[in-house]
Amino acid sequence: MTTITDIAPSQAASAAQPLHFHAKPAPQPATDAGTDAWRVEDVQALFDLPFSDLLHRAQTVHREHFDPAEVELATLLSVKTGGCPEDCGYCPQSVHFDTGLTAGKLMGVDAVREAAQRAKQAGATRFCMGAAWRAPKDRDVDAVAELVRTVKAEGLEACATLGMLSDGHAEILRDAGLDYYNHNLDSAPDFYGEIITTRDYQDRLDTLARVRGAGVKVCCGGIVGMGESRLQRAALVAQLANLAPDYPESVPINHLVKVQGTPLADQPDLDPLEFVRTIAVARITMPRARVRLSAGRQQMSEAVQALCFLAGANSIFYGEKLLTTGNPDVAADMGLLAKLGLRPRHVSAD
Ligand code: SAM
Ligand code: DTB
Ligand code: SF4
């Protein structure tokens, strides 16, 4: 048996050194065309990394840009529910599918103020209002601008997701104090037509350009688990990462919530580790973005959520409800964060 006294000092020193196993160099954005755009094949190569290499890389990038213990809490409110003319195959709010949802009118200022106050009280710093519109009319935008002023007056960051915007709409929302506009690309360009037929990808890109043009911060992500391939997940992430002039400040990664009555209700389950990989790849390709572990957390184990935080997610939807479906309750989320040594982000909203 070898004891420590049998080993020369230099050997003892080296024996005490941790061993470092270096993975193959990981993919970087292509620069050969003089751009720093991500090629889909390079994003796919990230997806294909051994799981531990992928998570190590994502953790490293995360820690270079963020405090890894801090998680943003964003509360959602459906300010106008159901009756949407679009046919997005995942969505319980489309008129094309019978999901048993009762459509409603746009909520008033008082009810929104109360919801914002409750969210703030519970510790949220961002308040996101969702409306089931294909595209708001001018008078809808004016009414939502009033809701934005109401939310801002409570000292919260304001976000809205209202569908496609026309010229001038983003400016009205900006002048009301809107911080972020959420408009997701949702899937890869070549998968989009299988999920939605009432609009196309370019419509989404046009609205995103209007939001950017008005100087409103962009919240844009997608849904995973709709039957897309890994290559298509990579293509979605590449689209997000390559958005010009910069990638979104906020990137919600939703797991499909299967709602009875929608065409995707019986979609086979995605391997949860593939969802974690998607979070990690989003973190690596969009290092400064808030990557939000979004819809689908209620159906996810705590262990998978913990892996998502390890993979670089640093934001969640917080509060019992998403728009129309459930979300973990506040006590459960506070328990999970405490268990993981994570703490909610605090901002002093101006
Ligand atoms: N109508 C607007 C629009 O589509 O842009 C705003 C509201 S829409 C409900 C906002 C986002 O919710 C969609 O882009 C999609 O990412 C997400 N979403 C809707 N239904 C979902 C589901 N069943 N599972 C996961 N995400 C969903
Ligand atoms: C986003 O990316 N996800 C949120 C928010 N932006 C608007 C919506 C999730 C909706 C999940 C299904 C529902 O509750 O209706
Ligand atoms: Fe309408 Fe938005 Fe739902 Fe599509 S995702 S049906 S646009 S509310």
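Numbers here simply count residues along the sequence, with the first being 1. Note that the structure is predicted; figures quoted are calculated from it, not measured. Read the numbers this way: they start at 1 and go in the same order the structure lists the ligands and their atoms.
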Is [X] near ligand 1, meaning one of its heavy atoms is under 4.0 Å from it?
{"X": "His255", "answer": "yes"}
{"X": "Arg204", "answer": "yes"}
{"X": "Gly163", "answer": "yes"}

Does only the side chain of [X] get under 4.0 Å from ligand 1, or the backbone, or both, or neither? Count heavy atoms.
{"X": "Leu264", "result": "neither"}
{"X": "Thr161", "result": "both"}
{"X": "Thr325", "result": "neither"}

* Closest approach of Gly155 and Lys120, non-hydrogen atoms and distance? ->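 The answer is O-NZ, 3.7 Å.
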
* Non-hydrogen atoms of Asn184 and Cys219 that approach each other most closely ->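 Where Asn184 meets Cys219 most closely, the heavy atoms are OD1-O, 4.2 Å.
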
For [atom], closest protein heavy-atom neighbour:
{"atom": "atom 6 (N) of ligand 2", "value": "Asn182 OD1, 3.3 Å"}
{"atom": "atom 12 (C) of ligand 2", "value": "Thr325 OG1, 3.6 Å"}
{"atom": "atom 16 (O) of ligand 1", "value": "Asp186 OD1, 2.6 Å"}
{"atom": "atom 17 (C) of ligand 1", "value": "Ile223 CD1, 4.3 Å"}
{"atom": "atom 11 (C) of ligand 1", "value": "Asn184 ND2, 3.9 Å"}
{"atom": "atom 4 (C) of ligand 2", "value": "Phe317 CE1, 3.6 Å"}
{"atom": "atom 21 (C) of ligand 1", "value": "Tyr90 CD1, 3.7 Å"}

* **Partner residues of Asp200 under the side chain to side chain contact (heavy atoms under 4.5 Å, CB included) criterion, sequence neighbours left out** =>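 With sequence neighbours excluded, Asp200 shows a side chain to side chain contact (heavy atoms under 4.5 Å, CB included) to Gln202, Asp203, given in chain and number order.
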
* Look at the aromatic rings of Tyr192 and Tyr201 and report parallel, tilted or perpendicular, splitting at 30° and 60°. =>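 Rings of Tyr192 and Tyr201: perpendicular, over 60°.
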
* Geometric class of the Phe66/His62 ring pair [parallel <30°, tilted 30-60°, perpendicular >60°] ->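 Correct class here is perpendicular.
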
Does either side chain, that of [X] or that of [Y], offer a donor lying less than 3.5 Å from an acceptor on the other one?
{"X": "Tyr90", "Y": "Asp186", "result": "yes"}
{"X": "Gln305", "Y": "Arg297", "result": "yes"}
{"X": "Asp87", "Y": "Ser94", "result": "no"}
{"X": "Arg63", "Y": "Gln59", "result": "yes"}

Between [Y] and [X], is there a salt bridge with N-O shorter than 4.0 Å?
{"X": "Arg230", "Y": "Asp48", "answer": "yes"}
{"X": "Arg210", "Y": "Asp167", "answer": "yes"}
{"X": "Lys217", "Y": "Glu157", "answer": "no"}
{"X": "Asp179", "Y": "Arg126", "answer": "no"}
{"X": "Arg39", "Y": "Asp42", "answer": "yes"}
{"X": "Asp206", "Y": "Arg199", "answer": "no"}
{"X": "Arg134", "Y": "Glu86", "answer": "yes"}
{"X": "Lys80", "Y": "Asp140", "answer": "no"}

* From atom 1 (Fe) of ligand 3, how many protein N/O/S atoms are found at a distance short of 2.8 Å? ->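 There are 1 of them.
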
* Look only at interatomic distance and state if Pro92 has a nitrogen or oxygen under 3.5 Å from any nitrogen or oxygen of ligand 2. =>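 No - when backbone and side-chain N and O of Pro92 are compared with those of ligand 2, no distance drops under 3.5 Å.
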
* Got an N/O contact under 3.5 Å between Gln93 and ligand 2? ->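 No: no nitrogen or oxygen of Gln93 is under 3.5 Å from one in ligand 2.
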
Close-contact set for ligand 2 against [X] heavy atoms, below 4.0 Å:
{"X": "Leu76", "value": "4 (C), 5 (C), 7 (C)"}
{"X": "Pro252", "value": "2 (O)"}
{"X": "Thr324", "value": "13 (C), 14 (O), 15 (O)"}
{"X": "Asn184", "value": "1 (C), 2 (O)"}
{"X": "Leu322", "value": "14 (O)"}

* To do: Check whether any heavy atom of Arg199 sits under 4.0 Å from an atom of ligand 3.
  =>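 Yes; Arg199 lies near enough to ligand 3 that a heavy-atom distance drops under 4.0 Å.
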
* To do: Verify the contact flag for atom 24 (N) of ligand 1, where contact means a protein heavy atom under 4.0 Å away.
  =>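 Under 4.0 Å from atom 24 (N) of ligand 1, at least one protein heavy atom found.
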
* To do: Indicate whether atom 2 (Fe) of ligand 3 is within a distance of less than 4.0 angstrom of some protein heavy atom.
  =>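 It does not: no protein heavy atom is found less than 4.0 Å away from atom 2 (Fe) of ligand 3.
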
* Do any N/O atoms on Trp133 end up under 3.5 angstrom from N/O atoms on ligand 1? ->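 N/O-N/O distance under 3.5 Å: yes.
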
* Below 4.0 angstrom from a heavy atom of Tyr90, which ligand 3 atoms are there? Numbered from 1 as shown, please. =>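 Once the distances to Tyr90 are compared, the set is 5 (S).
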
Short list, please: which atoms of ligand 1 are under 4.0 Å from a heavy atom of [X]?
{"X": "Ala131", "value": "1 (N), 2 (C), 6 (C), 7 (C)"}
{"X": "Leu323", "value": "9 (C)"}
{"X": "Val257", "value": "22 (C), 23 (N), 24 (N), 25 (C)"}

* **Residue-ligand contact Tyr90/ligand 2, heavy atom below 4.0 Å** =>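 Outside the 4.0 Å threshold, so no.
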
* Asked: Between CG of Leu337 and CG of Leu73, what distance do you get to the nearest 0.5 Å?
  ->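 The CG atom of Leu73 is 6.5 Å from CG of Leu337, to the nearest 0.5 Å.
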
* Asked: Cluster question for you: counting only ILVMFWY and a side-chain heavy-atom cut-off of under 4.5 Å, with indirect links fine, are Leu336 and Ile279 together?
  ->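 Per the 4.5 Å side-chain linkage, Leu336 and Ile279 are co-clustered.
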
* Answer side chain, backbone, both or neither: which part of Thr161 comes under 4.0 Å from ligand 2, heavy atoms only. =>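 Side chain only; the backbone of Thr161 stays clear of ligand 2.
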
* Taking atom 3 (N) of ligand 2 as the point of reference, which of Asn327, Asn254, Leu323 owns the nearest heavy atom? ->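 Heavy atom nearest to atom 3 (N) of ligand 2 belongs to Asn254.
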
* To do: Answer yes or no on whether Arg292 is positioned over the face of Phe317, meaning its NZ or CZ is under 6.0 Å from the six-membered ring centre and within 45° of the axis.
  =>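 Yes, cation above the ring, under 6.0 Å and within 45°.
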
* Check for a donor-acceptor pair, side chain of Asn327 on one end and backbone N or O of Gly319 on the other, with a separation under 3.5 Å. =>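 Indeed, once roles are kept as given, a pair shorter than 3.5 Å links the two residues.
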
